[in-house]
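Working notes for the structure below.
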Amino acid sequence: MKIETLEPPKTSIQVIERMVALLDALATYPDPVSLKELSKVSGLHPSTAHRILNDMVVTRFVDRVEPGTYRLGMRLLELGNVVKSRLSVREAALDFMRALHKKTQQTVNLSVRQGDEIVYIDRAFSERSGMQVVRAIGGRGPLHLTSTGKLFLSVDEAKAIRAYATRTGLAGHNKNSITDLGKLERELSLVRARGYARDNEELELGVRCMAAGIHDDSGKLVAGLSISAPADRLQEDWLDDLVQTAGQISATLGFRPSPVV
């Protein structure tokens, strides 16, 4: 009996790798790209690139603008929006928060704004931090008395800040609380200039915080990452780690900072 041997098919992994190579090549060009150029950049033979591009045109991953030129397709935008809608800031932040806590051994908080308050949605901490957790997950704090709250106020327009002061009366919790609009406005100017915010025992006596902002792919401030520590134990060299960690979380959410001119 004659046994037929079949030629082994190309592996799925190889096909996917070639598709990705073409998508990466297309992503580097703002305008439609020729088949010749895509073949050169991706390292694929023109006939191979042409065949794969045709398949991706059918599935709308790639658009054929005119014969022989291509650009990324709308299907990618549709899928990207689905991913974006399913990715929460908490999911993006958790591993980074744990790493920052491991390095500092202090409480690391993730907070978002709701109206005139911030809400703590997650934290990384241990009993060895030497500080009682004063705001549990789900707890709230006034914007003007918290480091993350100041971040959110700092991106508001002057009119909105004054309206906030009128609504809340800038109520204080202790002798360190900022209760004067002029002082709050000066504090927010410092936040904008520095790119981070502080709470110097303004919410809780004996507790100091520093916070950096987390931004989404549109550049919007969506959360604040903060380190809380006993007032005499907060270390300035944690600031760089905090800002860097907030930047890593922002990058996970798709944020790309504007280039410095």
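The model shown is predicted, which means the values in this text are computed figures rather than measured ones. Positions are given from 1, in the same order as the sequence printed here.
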_Interatomic spacing from CG in Leu253 to CD1 in Ile214 - rounded to 0.5 Å_ = 7.5 Å
*Within a strict 4.5 Å, meaning less than it, do heavy atoms of the Gln106 and Arg233 side chains meet?*
yes
*Output all residues satisfying side chain to side chain contact (heavy atoms under 4.5 Å, CB included) with Ala165, sequence neighbours left out; order by chain, then residue number.*
Leu170, Leu181
*Could you tell me whether a side-chain N or O of Thr146 sits under 3.5 Å from a main-chain N or O of Pro142, the two making a donor and an acceptor?*
yes
*Same cluster for Val243 and Leu190 if Ile/Leu/Val/Met/Phe/Trp/Tyr side chains link at under 4.5 Å?*
no
_Non-hydrogen side-chain atoms of His144 and Leu153 separated by less than 4.5 Å_ = yes
*Under 3.5 Å, is there a donor-acceptor pair between the side chain of Arg75 and the main chain of Thr59?*
yes
*asked:* Quick check: closest heavy atoms across Leu22 and Ser42, and the distance to 0.1 Å?
replied: CD2-OG, 3.8 Å
*asked:* Applying ring pair (Phe, Tyr, Trp, His ring centres under 6.0 Å) as the test, list every pair that has at least one member in residues 199-249; sequence neighbours left out.
replied: His215-Phe255
_Spacing of Gln235 atom CD and Met210 atom CE [to the nearest 0.5 Å]_ = 9.0 Å
*Please round to the nearest 0.5 Å and tell me the distance separating atom CD1 of Ile52 and atom OG1 of Thr48.*
6.5 Å
*Hey, does Arg186 have a side-chain heavy atom less than 4.5 Å from the side chain of Lys183?*
yes
*Name all residues meeting the salt bridge (Lys or Arg N to Asp or Glu O under 4.0 Å) criterion together with Asp116; count only those two or more places apart in sequence or in a different chain, and write none if there are none.*
Arg167
_What's the separation between atom CG in Leu234 and atom CG in Asn200, rounded to the nearest 0.5 Å?_
8.5 Å
_Verdict with reasoning, Ile121 to Val89, per side-chain contact (heavy atoms from CB on, under 4.5 Å)_ = CA-CA 10 Å; Ile121 61 173; Val89 65; 4.0 Å; yes
*Nearest atoms (heavy-atom pairs only) where Ala49 meets Leu35*: CB-CD1, 3.9 Å
*asked:* Please find the pair of heavy atoms, one from Thr252 and one from Ala92, that lie closest to each other, and give the distance.
replied: CG2-CB, 3.9 Å
_Contact between Leu143 and Thr168 at the side-chain level, heavy atoms closer than 4.5 Å - yes or no?_
no
_The criterion is side chain to side chain contact (heavy atoms under 4.5 Å, CB included); which residues satisfy it with Met97, sequence neighbours excluded?_
Ala93, Val108, Leu110, Asp122, Ala124, Leu225
*Using modelled atom types only, decide if a donor and an acceptor are shared between the side chain of Glu201 and the backbone of Gly206 within a distance under 3.5 Å.*
yes
_Closest non-hydrogen atom pair, Gly213 against Ser250_ = O-OG, 4.0 Å
*So, do Leu77 and Leu72 sit near enough that their side-chain heavy atoms are less than 4.5 Å apart?*
no
*So, Tyr196 side chain and Leu151 main chain: donor-acceptor pair closer than 3.5 Å or not?*
no
*Is there a chain of hydrophobic side chains (I, L, V, M, F, W, Y, each step under 4.5 Å between heavy atoms) that links Val112 to Leu94?*
no
*Search all heavy atoms of Val65 against all heavy atoms of Pro32 and return the closest pair with its distance.*
CG2-CG, 3.6 Å
*Does any pair with a residue in residues 239-249 pass side chain to side chain donor-acceptor pair (under 3.5 Å), and if so which ones, sequence neighbours excluded?*
Lys103-Asp241
_Side chains of Asn109 and Ser111 only: does a donor on one sit below 3.5 Å from an acceptor on the other?_
no
_Test side-chain contact (heavy atoms from CB on, under 4.5 Å) on Phe152 and Val191; report intermediate values, then the result._
CA-CA 10 Å; Phe152 281 103; Val191 172; over 6 Å; no
*Which residues satisfy the side chain to side chain donor-acceptor pair (under 3.5 Å) test with Glu236, sequence neighbours excluded?*
Arg198
*Could you list the residues that satisfy salt bridge (Lys or Arg N to Asp or Glu O under 4.0 Å) with Arg71, not counting sequence neighbours?*
Asp63
*What pairs with Arg64 under salt bridge (Lys or Arg N to Asp or Glu O under 4.0 Å), at least two apart in sequence or on another chain?*
none
*What residues form a side chain to side chain contact (heavy atoms under 4.5 Å, CB included) with Asn174, not counting sequence neighbours?*
Asn176, Ser177, Leu205
_Residues which pass side chain to side chain contact (heavy atoms under 4.5 Å, CB included) with Val33, listed by chain and number, not counting sequence neighbours_ = Leu26, Tyr29, Glu37, Leu38
*Side chains of Asp95 and Arg98: does their closest heavy-atom pair fall under 4.5 Å?*
yes
_Could you tell me if the side chain of Asp199 sits less than 4.5 Å from the side chain of Arg208, heavy atoms only?_
no
*Not counting sequence neighbours, which residues clear salt bridge (Lys or Arg N to Asp or Glu O under 4.0 Å) with Asp55? List them please.*
none
*Not counting sequence neighbours, list each pair that qualifies as a side chain to side chain donor-acceptor pair (under 3.5 Å) and has a residue in residues 148-163.*
Arg113-Asp156, Lys150-Glu187, Lys150-Glu202
*asked:* Minimum heavy-atom separation for Lys102 and Gln105, please, with both atom names.
replied: O-NE2, 3.0 Å
*Cluster check Val41, Phe61: I/L/V/M/F/W/Y, side chain < 4.5 angstrom*: yes
